[in-house]
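This report concerns only the one structure given below.
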Amino acid sequence: MAAIVAIASTGLLATPAVAQQPQSAANRCASFNGPLCSVSLPTGITMRYLDVGPADGPVTLLLHGFADDVQSWSLVVPQLQRLMPWARFLIPDLLGQGETTQPPAARCAPNPDNCFRPIDDANDVVAFLDAEHVARASILGHSVGTLVAQEIALDHPNRVSRLILVSTATNGAQPLVEGVQSEVVQGEWQQDFTAAGYTWPTGVYGLNPGVAVPDFTQFIDDEYETSSVAPPNLLTELQADAQTVQVGTWIGTVDDLVVADNTARLQHLGVPTLVLYATQDDVFSPAAEQQLIGSLDVAASHGTPFWWKQYGVLPPTDSGEQTDLGHNLPWEAPAGIAADTAAFLVLGVPTCTLYRTDYPTDVHRVLAIPNAATIVHAGVGPRCI
């Protein structure tokens, strides 16, 4: 954070001329502690969202990971507001998560995997931008939200100014995702529901997993929504929210993730992109990152610059104990995510600051070390600031 504060103090991170003075946000849904706004979309769902900042400010769209909701960004957005008080932040709950509805059961219950592809989420988000009369926005995505962001940038590059992908890869065919699909959802959960007399998937589409899965709450609390670095109170809230996601959303999303693959398409990406990745990410491996960098390198050869920045320094432990930053960076290093996002949106490059935990002294404390970040960069512009 020190780097971006220093930039701000020099005037380089100044309010753009289009919005010289922040206006009071007259939004009825601008607080993470208050009610969400709601809009019915032509895609067939009702999307709930937060709308933070001046209505005429440049828009940044924030897309959360799977089984999360707007609360996933609750530590990042206040920092972004401080750094970019002129900006508007739109934060939706994605398809079938949080307070956003599932697509209609009549169409999707027999085959949920036809309705929860990243492109389906992307179509919802584009329809949402249309409803909000937003012609162009920057997108900040996390985890599965980055695959949605990729779809929007690839299919609608004229709608996207800059792309920030936190904990991402070119595809969802990762061992952890495949395990959740085959062993948990299509394995244990399907067995539990069919043993209880439900038809799968039609009869379980709108049900909560806890209806028939005895260890569902433990799965969420101990295996899915976890972090050794994130504040425990935030984890408690996110775990409670994840427990409300219905079975049809789980089936469709994990089935669609394992076949989602933008490896080749990202070679033709036309939007300047920043990737933020942590050394102890337990979803996307270093090999997956090299594949991503390879695709972005090709895009850079066609004129689209990218920056790939590493968070943390410690590799994964043999025991599985988390000792450094991991997959859930918006919960673990929100100041860093905000600083790098603001620098990239305003100045076109990330900060040079390295973010890592203070392990073994205090794993909950995140250090910001100036001029120490590992960054891969291709294309025009400096490596970092």
Side-chain angles (χ1 to χ4, degrees), residues 16 18 41-43 47 49 57-65 80 84 87-92 94-95 117-172 256-257 259-277 289 291-309 340-350 376-381:
V18 295
L41 300 177
T43 56
M47 179 168 279
Y49 62 98
V59 173
T60 298
L61 182 73
L62 290 82
L63 305 179
H64 61 75
L80 284 173
M84 302 171 60
R88 181 185 182 191
F89 303 99
L90 290 175
I91 312 136
L94 294 178
L95 186 61
R117 300 164 299 174
I119 189 61
D120 297 312
D121 268 306
N123 289 337
D124 290 334
V125 171
V126 171
F128 168 62
L129 292 176
D130 290 343
E132 291 295 309
H133 307 289
V134 176
R136 191 173 173 86
S138 295
I139 304 181
L140 168 59
H142 171 233
S143 190
V144 175
T146 67
L147 296 179
V148 179
Q150 289 175 26
E151 290 290 338
I152 299 171
L154 289 166
D155 289 346
H156 306 276
N158 61 313
R159 305 293 298 269
V160 183
S161 302
R162 295 188 188 277
L163 194 60
I164 304 102
L165 306 175
V166 181
S167 308
T168 191
T170 65
N171 64 81
D256 289 330
L257 277 178
V259 296
D261 191 348
N262 285 329
T263 305
R265 295 176 67 209
L266 284 170
Q267 296 177 6
H268 306 282
L269 183 66
V271 178
T273 298
L274 170 64
V275 177
L276 305 176
Y277 174 78
E289 294 309 294
Q291 185 176 52
L292 172 66
I293 290 170
S295 293
L296 295 178
D297 260 330
V298 176
S301 72
H302 300 315
T304 302
F306 80 90
W307 291 257
W308 181 98
K309 178 176 177 179
D340 281 319
T341 296
F344 187 61
L345 294 184
V346 177
L347 301 174
V349 289
V376 177
H377 167 50
V380 298

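- For the pair Ile139 and Ala149, the tightest heavy-atom approach, listed with the atom from each and the gap, is CG2-CB, 3.6 Å.
- Ring geometry for His377 against Trp307 counts as parallel: the plane angle stays under 30°, on a 0 to 90° scale with 60° as the upper cut.
- For Asp121 (side chain) and Leu95 (main-chain N/O), a donor-acceptor pair under 3.5 Å exists by modelled atom type.
- Residues passing the side-chain hydrogen bond (donor to acceptor under 3.5 Å, both in side chains) test with Gln267: none are found, sequence neighbours excluded.
- Of all the heavy atoms in Leu80 and Phe89, the pair that sits closest is CB-CZ, 3.7 Å.
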Step-by-step side chain to side chain contact (heavy atoms under 4.5 Å, CB included) determination, Glu151 to Val148: CA-CA 5 Å; Glu151 290 290 338; Val148 179; 5.7 Å; no
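- Using a 4.5 Å heavy-atom threshold, the side chains of Phe128 and Val134 count as separate.
- Pairs passing the salt bridge (Lys or Arg N to Asp or Glu O under 4.0 Å) check and including a residue from residues 131-147, sequence neighbours excluded, read Arg88-Glu132.
- Of the residues Asp155, Asn262, Thr273, the one that meets the side chain to side chain donor-acceptor pair (under 3.5 Å) test with Gln150 is Asn262.
- Evaluation of the side chain to side chain contact (heavy atoms under 4.5 Å, CB included) rule for Val126 yields Asp130, Ile152, His156, Arg159 as partners, not counting sequence neighbours.
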Verdict with reasoning, Phe306 to Leu163, per side chain to side chain contact (heavy atoms under 4.5 Å, CB included): CA-CA 9 Å; Phe306 80 90; Leu163 194 60; over 6 Å; no
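- Taking all atoms of both residues into account, the shortest heavy-atom contact from Gly65 to Ser143 is CA-CB, 4.1 Å.
- Residues Asp340 and Ile164 are not in side-chain contact: their nearest non-hydrogen atoms beyond the backbone lie 4.5 Å or more apart.
- Leu269 has its side chain within reach of Leu154: a pair of non-hydrogen atoms, C-beta onward, lies under 4.5 Å apart.
- For Thr304 against Pro272, the heavy-atom pair with the smallest separation is CG2-N, 3.9 Å.
- Without hydrogens or angle criteria, His302 side chain to His268 main chain gives no donor-acceptor distance under 3.5 Å.
- Closest approach of Gly379 and Ala300 over heavy atoms only: N-CB, 4.4 Å.
- Of all heavy-atom pairs between Ala127 and Thr43, the closest is CB-CG2, 4.2 Å.
- For the pair Val275/Leu296, a side-chain contact is recorded, criterion being any heavy-atom separation below 4.5 Å from C-beta on.
- Under the rule for a side chain to side chain contact (heavy atoms under 4.5 Å, CB included), the partners of Gln291 that lie at least two apart in sequence or sit in another chain are Thr170, Asn171, Thr263.
- The line from CG of Leu63 to CG of Leu140 is 8.0 Å long, rounded to the nearest 0.5 Å.
- Here Arg162 pairs with nothing under the salt bridge (charged side-chain N to carboxylate O under 4.0 Å, His left out) rule; sequence neighbours left out.
- Rounded to the nearest 0.5 angstrom, Thr168 OG1 and Leu147 CG are separated by 5.5 Å.
- Side-chain atoms of Thr60 and Ser161, non-hydrogen and from C-beta on, never get closer than 4.5 Å to each other.
- Distance alone, capped at 3.5 Å, is enough to place a donor-acceptor pair between the Asp120 side chain and the Arg117 backbone.
- Remark: Asp297 pairs with no residue by the side-chain hydrogen bond (donor to acceptor under 3.5 Å, both in side chains) rule, at least two apart or across chains.
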